[in-house]
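As structure tokens, the structure follows; a few thoughts come after it.
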There are 2 protein chains.
Amino acid sequence: MEQTIKIGKSPTLKASCQQCSLSNLCLPLAVSDQDLARLEDVVQQGRIYNRGDYVFEQNAPFRSCFAVRSGAIKTSIVTENGDEQVTGFFLPGELVGLDSMSGTHYACSAKALERTSVCELPMDHMEELTHKLPGLQHHFFQLMSQEIQSSHQLAMMLSKRTAEERIASLLLSLSSRFQRRKLSATHFNLPMARNDIANFLGLAVETVSRVFTRYQNQGLLKARGRDVELLDMDALHAIAQEASDAPPCR
Amino acid sequence: MEQTIKIGKSPTLKASCQQCSLSNLCLPLAVSDQDLARLEDVVQQGRIYNRGDYVFEQNAPFRSCFAVRSGAIKTSIVTENGDEQVTGFFLPGELVGLDSMSGTHYACSAKALERTSVCELPMDHMEELTHKLPGLQHHFFQLMSQEIQSSHQLAMMLSKRTAEERIASLLLSLSSRFQRRKLSATHFNLPMARNDIANFLGLAVETVSRVFTRYQNQGLLKARGRDVELLDMDALHAIAQEASDAPPCR
DNA sequence: CGCAATCTTGAACACCCTCAAGCATGGTGG
DNA sequence: CCACCATGCTTGAGGGTGTTCAAGATTGCG
């Protein structure tokens, strides 16, 4: 578990990417050792947010993207009608705010799901840096491209998949992202509430709850509140990629 | 209507962005006049595709993005199960393939919906150019960011909106995109089949058909096949952004 | 002109939502 | 420390929007 310390939050504290445990997941992976100092000049170690705090709010002036250091963030967009759509969950090593780089204001809100620390990336300075470091520019293109892809995957799920398939997919996505950080792939704490899962997957909370208990009865997982243990990964994978035309046998 | 000519398709014909009628919608808008030549050195006027032709196919080696010059393109992803999700429709002036810049292979397929001509943007050369031209780099960030946003909007529609709302939204989106090109905002030809609309919006073809006839009976539009005339834009706007908590009157 | 593809229309069913209530959980203050 | 309340989670019953299945109408193209 990444512990982020530093109680007194000095406003703009230079980040030390070099020593960061996430350096192989985050921006440093695209920067050579001798250029790392230039990255650290731009990146600021941001403040710590408590559960429920906004990292930024929709329609606020856009300035920075944020890299999650510890904790978790959800992003969501709100329509004029007032209904909300959760657009993503972001775990340590992942970048929040890429969808807001096209305008002068944030396109979504970002809320801390638990105690969360971030690094701040002021994008005006960052764009100067990507201009100087082709590798970093390329990495940003890649990150944004991935974001488009995963959003397309979400659209696919929302329009084609059953409730069971969607939830299996989400669990497996979280699982593999925990594993990347050398954490258990089968036993972890959900950073988000059932409500957030439901909203993200386009379901009612009740449906999410029902699927969880169904899976539990089938022995696929064990869940108590946010504590989840995946017991049958193979079965979950099978469900997540269920074919409409089922395989030969059955 | 942009007519793109040039019958004999020489393999790599240098583009002439300067004279292109779409220069105020496309990449040139981010490039100064004196740099335009450098852009033209990279951009290649691609071939012409007939209806049904693939501009590129999912999992083929990624090389280029494409700017639509005339016609229309749909992109879609196919899962292992074989079911397809249309992820976007692209009209003249719009860029296809940004979601594939994170890997070595295309993340989706792009198919011409009608006779379509494109400009090809070899991304290795293009990245060199964006590296030299900060304005162009910034523009690419903007384009990709917009792509993320619109995909989030799609997710919102798929998970929260009724069939009627989704279709009204799509019609209005097309309308405004035609208008940007100085074409009629109220009378146009749908470049895509009902099937594509249904798939994109996460509906069955039958539902799309039913909504069209319902709208026609209500006098909101007149549709005969792909020929569509929007008769009551205000009503369509009202439907597209329908509040769950409806406005005071009704 | 005739066939194939696309589009439309109808009827029955299914999945998930809504509404409603009961049950855990956790934080707070007496 | 426990009572208390708020919040989040679970479970049940009924109904609605859209799907599926099936057939007919229209279009377009060879």
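Computed from a prediction, not measured in an experiment: that's the story for all the values here. Just so it is clear: chains get the letters A, B, ... in the order the sequence lines come, proteins before strands, and each one is counted from 1.
- Sorted by first and then second residue, the pairs that involve residues 221-236 of chain B and meet side chain to side chain donor-acceptor pair (under 3.5 Å), not counting sequence neighbours, are B:His187-B:Asp227.
- Taken residue by residue, residues 206-216 of chain B places heavy atoms nearer than 4.0 Å to DNA chain D at B:Glu206, B:Thr207, B:Arg210.
- Summary for the helix from C:dC1-D:dG30 to C:dG30-D:dC1: the axes at its two ends, each from 5 pairs, differ by 40° when rounded to the nearest 10 degrees.
- Between the CZ atom of B:Arg224 and the P atom of C:dT6 there is a distance of 19 Å, given to the nearest Å.
- Every residue two or more places apart in sequence or in another chain that forms a salt bridge (charged side-chain N to carboxylate O under 4.0 Å, His left out) with A:Arg177 is listed here: A:Glu94.
- The separation between A:Arg166 atom CZ and C:dC17 atom C1' is 12 Å, rounded to whole Å.
- In this structure, A:Asp196 places its CG atom 9 Å from P of D:dG8, rounding to the nearest Å.
- Considering only residues two or more places apart in sequence or on other chains, B:Asn50 meets the side chain to side chain donor-acceptor pair (under 3.5 Å) condition with B:Arg115.
- A:Gln179 pairs by the side-chain contact (heavy atoms from CB on, under 4.5 Å) definition with A:Ala185, not counting sequence neighbours.
- A:Arg194 is linked by a side chain to side chain donor-acceptor pair (under 3.5 Å) to nothing, counting only residues two or more places apart in sequence or in another chain.
- Here the C1' atom of nucleotide C:dC16 and the CD1 atom of A:Ile167 are 12 Å apart, to the nearest Å.
- Taking atom CG on A:Asn217 and atom C1' on D:dT10, their separation rounds to 12 Å, with Å as the unit.
- Using cut-offs of 30° and 60° on the angle between ring planes, the pair A:Phe56 and A:Phe66 is parallel.
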Considering only distance and modelled atom types, tabulate donor-acceptor pairs under 3.5 Å from the side chains of residues 199-207 of chain A, sequence neighbours left out.
residue, atom, partner, partner atom, Å
A:Asn199, OD1, A:Val86, N, 2.8
A:Asn199, OD1, B:Lys160, NZ, 3.4
A:Asn199, ND2, A:Glu84, O, 3.1

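- Summarising the geometry, the separation between CE on A:Met192 and P on D:dC9 is reported as 11 Å, rounded to the nearest angstrom.
- Protein atom CZ of B:Arg194 is 14 Å distant from nucleotide atom C1' of D:dA25, rounded to whole Å.
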Give me the distances for all protein-to-nucleotides 28-30 of chain D N/O pairs that come in under 3.5 Å?
none

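- Residue-to-nucleotide proximity on DNA chain C shows that, of B:Arg226 and A:Leu203, the 5′-proximal contact is made by B:Arg226.
- Atom CG of B:Asn195 is separated from atom C1' of D:dT20 by 15 Å (rounded to the nearest Å).
- Among residue pairs with one or both ends in residues 155-176 of chain A, none qualify as ring pair (Phe, Tyr, Trp, His ring centres under 6.0 Å); sequence neighbours excluded.
- The salt bridge (charged side-chain N to carboxylate O under 4.0 Å, His left out) check on A:Arg51 picks up nothing, with sequence neighbours excluded.
- Judged as a side chain to side chain donor-acceptor pair (under 3.5 Å), and not counting sequence neighbours, B:Ser175 has no contacts.
- Checked by atom type, the side-chain pair A:Ser109/A:Glu57 shows no donor-acceptor distance below 3.5 Å.
- Of the candidate nucleotides D:dG18, C:dC7, D:dT19, D:dT19 has the atom lying nearest to any side-chain atom of B:Ala204.
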